[in-house]
Engineer: 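Encoded as structure tokens, here's the structure I'll be asking about.
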There are 2 protein chains.
Amino acid sequence: MTDSLWPSGMKRTKQRAAVLDILEHADIPLSAMEIHARVGHGDTPVWLSTVYRILELFTEKGVVIKTTVLDGDMAYYERNRHAHHHYAVCVDCHKIVAVNNCPMAEFEPKLSDDAFRVMGHRVEMYGYCRDCDKRNNITDKDV
Amino acid sequence: MTDSLWPSGMKRTKQRAAVLDILEHADIPLSAMEIHARVGHGDTPVWLSTVYRILELFTEKGVVIKTTVLDGDMAYYERNRHAHHHYAVCVDCHKIVAVNNCPMAEFEPKLSDDAFRVMGHRVEMYGYCRDCDKRNNITDKDV
DNA sequence: ATTACTGCAAAGCATTTGCAGACTG
DNA sequence: CAGTCTGCAAATGCTTTGCAGTAAT
């Protein structure tokens, strides 16, 4: 990554560049441990706690977005591309699929406390991905 | 709670009744530790790990719904009243406010992988509640 | 009486923190 | 060179698990 693209306000270290590179090339949100694993395969090993610190910094700077899915066992991080989108999550294999439109576009929420100032939102769909749906149907038939 | 209302398929113990009672009278989702604290004030103290086991059972049986909000630091549980609703969460004090309508009602998601079978969804709004909004405005003026 | 449930203690797992040495600007 | 960042280890906090005694059906 060239210097001109480096987010301002933070030192450019090998570790940060490596983590950002992973996120830059990922098309789905990744957990800290997945990022750590992928970085490990490169030529710049990065300690897991450092990955967490970098992700925290990136989140603060708005470079990445931190999310959780399902029961929220762990956090996922994705490059902030300033594109508004949501995800569908497979409840079976936990695969994440992108949703390209947004139900909130023309929505006027009816809040119990109407003094609440809504700043943002998050939508998550859950169900079965192609593979798990297929596998489950076959299993059902076999039983 | 009378026996006729007790969810079938599980023994009726003091501990379970106490936890269900808390959830029955709560109008917002509670964390395991909040439930534990509230139970502690009653005449049936329940060990925290037992609260977790009870909540796990209740979730399995569909008696309660397990959720996470914001970054998903911890899980929240609410009585499953089979009413479809969502929540708005204050990003400052984490207070939870109910939303009484649903943006997904007439929504057709455009999925990247159209073989995905959507079974359910979750919508979360975030922003500032009345109190935090007010407090922040005052603070801004003072600076 | 049999089986399931709870108290209690200890482990588990993702994440955070403290510190000294290493690196960036 | 000064200040920040990283490797490493140890701690933290929510949650889960193992086991033996207790309670429900």
Engineer: B:His121 vs B:His86 aromatic rings, parallel, tilted or perpendicular, using cut-offs 30° and 60°?
Structural biologist: tilted

Engineer: Within less than 4.0 Å of OP1 or OP2 of C:dT6, is there a side-chain N or O belonging to B:Thr13?
Structural biologist: yes

Engineer: Is the distance from OP1 or OP2 of D:dC14 to the nearest side-chain N or O of B:Ser31 less than 4.0 Å?
Structural biologist: no

Engineer: Looking at the side chain of B:Ser49, which of C:dA9, C:dT24, C:dA4 is the nearest nucleotide?
Structural biologist: C:dA9

Engineer: Distance check needed: C:dA4 C1' versus B:Lys61 NZ, whole Å only.
Structural biologist: 12 Å

Engineer: By nearest atom, which of the nucleotides C:dC8, C:dT17, C:dT15 is closest to the A:Arg53 side chain?
Structural biologist: C:dT17

Engineer: Between atom CE in B:Met74 and atom C1' in D:dT16, what is the gap in whole Å?
Structural biologist: 16 Å

Engineer: Check whether any side-chain N or O of A:Asn101 sits under 3.5 Å from a backbone N or O of B:Lys110 as a donor-acceptor pair, and report yes or no.
Structural biologist: yes

Engineer: Using a cut-off of less than 4.0 Å, is there contact between a side-chain N or O of B:Gln15 and OP1 or OP2 of C:dG7?
Structural biologist: yes

Engineer: By nearest atom, which of the nucleotides D:dT15, D:dT6, C:dG7 is closest to the B:Ala75 side chain?
Structural biologist: D:dT15

Engineer: I'd like to know if the side chain of B:Tyr87 pairs up with that of B:Glu78 as donor and acceptor (distance under 3.5 Å, no hydrogens or angles considered).
Structural biologist: yes

Engineer: Answer yes or no: does a side-chain N or O of B:Thr50 lie under 4.0 Å from OP1 or OP2 of C:dG7?
Structural biologist: yes

Engineer: Tell me the interatomic distance from A:Leu48, atom CG, to D:dA10, atom P, rounded to whole angstroms.
Structural biologist: 16 Å

Engineer: For D:dT15 and B:Tyr52 - does any side-chain N or O of the residue sit under 4.0 Å from the phosphate oxygens OP1/OP2?
Structural biologist: yes

Engineer: A:Trp47 has a side chain; which of D:dA9, D:dG18, C:dC19 sits nearest to it?
Structural biologist: D:dA9

Engineer: Using whole Å, report how far CG of A:Leu57 lies from C1' of D:dT4.
Structural biologist: 11 Å

Engineer: Please state whether the phosphate of C:dG25, meaning OP1 or OP2, lies under 4.0 angstrom from any side-chain nitrogen or oxygen of A:Arg12.
Structural biologist: no

Engineer: Can you check the A:Leu55 CG to D:dT6 P distance for me, whole Å?
Structural biologist: 11 Å

Engineer: Any side-chain heavy atom of A:Asp113 within less than 4.5 Å of one from B:Lys95?
Structural biologist: yes

Engineer: Within the structure shown, what part of the strands sits under 4.0 Å from B:Met10 by heavy-atom distance: base, sugar-phosphate, or nothing?
Structural biologist: nothing

Engineer: Write down the distance between CD (A:Glu34) and P (C:dT15), rounded to a whole number of angstrom.
Structural biologist: 11 Å

Engineer: D:dA23 P sits how many Å from B:Arg16 CZ, rounded?
Structural biologist: 15 Å

Engineer: Side chain of B:Ile54, heavy atoms from C-beta onward: which of C:dT6, C:dG25, D:dA24 has the nearest atom to it?
Structural biologist: C:dT6

Engineer: Find the distance A:Glu56:CD to C:dT15:C1' and express it as a whole number of Å.
Structural biologist: 10 Å

Engineer: State whether the number of non-hydrogen atoms from other residues, nucleotides or ligands found under 6.0 Å of A:Arg122 atom CZ is greater than 12.
Structural biologist: yes

